[in-house]
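First comes the structure, then the notes that go with it.
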Amino acid sequence: MMLLPTHHFRDIERKPEYLQPEKCVPPPHPGPVGTMWFIRDGCGIACAIVTWFLVLYAEFVVLFVMLIPSRDYVYSIINGIVFNLLAFLALASHCRAMLTDPGAVPKGNATKEFIESLQLKPGQVVYKCPKCCSIKPDRAHHCSVCKRCIRKMDHHCPWVNNCVGENNQKYFVLFTMYIALISLHALIMVGFHFLHCFEEDWTKCSSFSPPTTVILLILLCFEGLLFLIFTSVMFGTQVHSICTDETGIERLKRKHQPRERRGSWKSVKETFGGDFSLNWFNPFSGPCDPEPLSDRDWVRQAASLSETDNTETTEEQSEERKDEDSVEVTDE
């Protein structure tokens with residue numbers, strides 16, 4: 001039987017030499033266990049600092065403009081405890097999302113020895129990332145900011161200075177949820193405070209002068225409204241991605257590659273760490289530990305293009321198809 005160019009190319013693709021492993025830089029020595037994950041990106045670091053500043057600004061206005069000057073001690077204590085608890089959980093979730101390895105693929109493992117150890121069979125291919133010189137498992141994508149391939153990468157978020165991937169998606173979801181809750185809580189308290197100040201003397205409802213009080217409340221109101229909308233949308237998007245078992249990159253690119261989809265509930269439990277419990281909302285409790293990658297996880301099954309259409313795939317087109325995984329998606 002005469003082989004199509006597509007089949008010929010796949011025969012070449014199965015050979016370790018095709019990936020040019022000799023051009024790979026040897027992987028660095030692994031760091032000590034528990035080494036902190038941190039991305040040295042100027043924009044991401046600035047956005048993370050701005051995030052903390054905005055939360056602390058809201059904390060200042062809520063405490064020193066609205067709650068402490070209030071003569072209703074029960075109102076102040078209850079709202080102070082709720083707001084501070086939500087703010088603490090939001091900042092803890094932010095730290096965990098920023099300092100947790102999102103699921104980085106081992107760097108520089110596209111060596112000739114490793115590829116030969118996979119013992120590729122006809123119809124099996126391996127994908128190499130030319131940017132970090134690593135073998136890409138299924139559903140892994142390269143992030144140009146982190147300079148690594150990330151398993152189940154959803155997007156790169158500068159607000160947490162990290163990718164959102166397999167290992168830290170739970171913390172990002174909690175971060176957006178708690179920011180949305182403190183924004184809503186702050187807006188409600190601002191509304192009640194304005195009503196109280198209109199009924200009473202403005203000089204008695206705050207320890208600051210009336211113009212300063214109004215400016216601080218308006219800024220907090222604008223901040224709360226903006227972040228309530230933004231984080232609510234992000235929270236809904238992330239929950240939808242988890243329930244459909246489809247990352248943001250996969251949804252944007254609409255890859256029609258056959259793969260086994262897990263049930264919605266199973267995907268949710270794996271992301272949040274087991275059966276439903278209060279630990280789902282605890283940023284100090286991690287998701288289910290992912291299973292270590294086995295040899296079969298590095299190998300993908302090549303679909304026969306000749307069965308779906310009669311077009312011939314050239315080497316350049318196939319190379320372009322492999323490179324399309326190396327993308328970066330960021331929050332706007």
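- No side-chain donor-acceptor contact under 3.5 Å links T100 to the backbone of A97.
- Counting only N and O atoms by type, the side chains of R251 and S241 include a donor and acceptor under 3.5 Å apart.
- The backbone N or O of P283 lies less than 3.5 Å from a partner atom in the side chain of R96, making a donor-acceptor pair.
- Distance alone, capped at 3.5 Å, is enough to place a donor-acceptor pair between the S76 side chain and the L67 backbone.
- For the pair Y178 (side chain) and F281 (backbone), a donor-acceptor distance under 3.5 Å is present.
- Using bins of under 30°, 30° to 60° and over 60° for the plane-to-plane angle, the ring pair W265/W280 lands in the tilted bin.
- Between I249 and H155, the closest side-chain pair of non-hydrogen atoms is not below 4.5 Å.
- Here the CE-CZ distance, from M234 to F172, works out to 3.5 Å after rounding to the nearest 0.5 Å.
- Put simply, SG on C221 and CG on L228 are 10.5 Å apart, with the number rounded to the nearest 0.5 Å.
- Distance alone, capped at 3.5 Å, places no donor-acceptor pair between the D41 side chain and the N161 backbone.
- Summarising the geometry, atom CH2 belonging to W159 is positioned 9.0 Å from atom NE2 belonging to H94; distances are rounded to the nearest 0.5 Å.
- Atom CZ of F194 sits about 4.5 Å away from atom CG of L217, to the nearest 0.5 Å.
- Aromatic pair H196/Y75: ring centres not closer than 6.0 Å.
- The main-chain N or O of K152 is never found under 3.5 Å from a side-chain atom of T247 such that the two would form a donor-acceptor pair.
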Under the side-chain hydrogen bond (donor to acceptor under 3.5 Å, both in side chains) criterion, do W37 and N162 qualify, and how do the steps go? CA-CA 9 Å; W37 174 274; N162 202 0; 3.1 Å; yes
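- The distance from the OG1 atom of T51 to the CZ atom of F227 is 6.5 Å, given to the nearest 0.5 Å.
- In this structure, NZ on K128 lies 11.5 Å from NZ on K136, to the nearest 0.5 angstrom.
- Around CZ of F192, the count of heavy atoms belonging to other residues, nucleotides or ligands within 6.0 Å does not exceed 12.
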